[in-house]
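Both ligands and their constituent atoms are indexed starting at 1 by order of listing.
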Amino acid sequence: MTEGSCLCGTVRFRLEGPFQSMLHCHCSRCRKHHGSAFATFVGAPAAGFQWLAGKHHIATWTAANGSARHFCPTCGSVVPAANDAGELRFVPAGNLLDDCAARPELHIFAASKAPWYDITDAVPQVAGPPPDYPDPNMPTESRPSALNTIGGSCLCDAVRFEVDGDPLVMVNCHCSRCRRGRSAAHASNLFVATDQFRWTRGQQHVKVFDLPGAERFGTNFCDICGSDVPRHSPKIGRVNIPGGCLDSDPGIRPGYHIFVGSKAPWYEITDALPQFETTAQ
Ligand SMILES: [Zn+2]
Ligand SMILES: [Zn+2]
Ligand SMILES: [Zn+2]
């Protein structure tokens, strides 16, 4: 038995297991909605699923093709659907507070993976949807940015931004706040200087959530679709761009892993990048 929660704790649920079919999804829609390199979902019998809080608080954004995305409207975390239909409940593994004992079985939509992310583990891959799944008809939208700029947008495309010049650094963070905030295995954060960054559309839709009790941790997300979007940190003069919302190749690649001491028990780091228990030295 394990519990799941969004970053702010408004939406909470309990699952009994047994857990099954843990999948990493690299489709562009999951990457955008989570703001991460990929999303991870795990299934459990619906009979053992129970809402603890916030079911009626959950916000939903529905794409033109009918596919629905669910999120906490307070903190922007991706959460399960409020609809309790079906025999299996699939939940974002990044929500889980404990080890569910399941381990990843398949990478799906591997052909749509982020250009800045390499799959280095031995988990099997399929280019598109899982074999027993109806094709969800998910074309990758092209959202080109101006020449010589790095651009990005949220899933619903209400919010867009651009970056001039080369980013400073890209970092994979495994801390529990990033995992909960992205509802994913880890965050991949691209940092740029404040004066390199500009919103080009929909800044009024950027909702800022500051985590109570944290010095500066929080999330910014689109108030329409719930996608993670860039967050300005005035104290350090940088903007943190969630890798998943990028529409173009930033050129730079993740340089190292931080907070591996708090990484998800179901996620194994298999690349050769340097790892730090907490912050980088
Ligand atoms: Zn929340
Ligand atoms: Zn997906
Ligand atoms: Zn949006």
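- Our summary of the site lists the angle at the Zn ion (ligand 3) between SG of C225 and SG of C154 as 110°, to the nearest 10 degrees.
- At a threshold of 2.8 Å, the Zn ion (ligand 2) has no backbone or side-chain N, O or S atom of H26 nearer than that distance.
- Between H186 and Y117, the angle of the ring planes lies from 30° to 60°, which puts this pair in the tilted group.
- In summary, no N, O or S atom of H205 is located under 2.8 Å from the Zn ion (ligand 3).
- Geometry at the Zn ion (ligand 3): SG/C222 and SG/C156 form an angle of 110°, nearest 10 degrees.
- Angle SG(C75) to the Zn ion (ligand 1) to SG(C6): 110° [nearest 10 degrees].
- Side-chain contact between T279 and F259: present, with at least one pair of heavy atoms (C-beta onward) separated by less than 4.5 Å.
- Below 30°, between 30° and 60°, or above 60°: for H26 and F38 the angle between ring planes is between 30° and 60°, a tilted geometry.
- For the pair SG of C30 and SG of C27, the angle whose vertex sits at the Zn ion (ligand 2) is 110° to 10 degrees.
- Remark: of the listed residues R179, K263, H257, H257 is the sole one forming a side chain to side chain donor-acceptor pair (under 3.5 Å) with H174.
- T40 contributes no side-chain N or O that, together with a main-chain N or O of A93, makes up a donor-acceptor pair within less than 3.5 Å.
- The SG atom of C8 and the SG atom of C72 meet at the Zn ion (ligand 1) at an angle of about 110°, given to 10°.
- Side-chain contact between D157 and R201 is present, with at least one heavy-atom pair separated by less than 4.5 Å.
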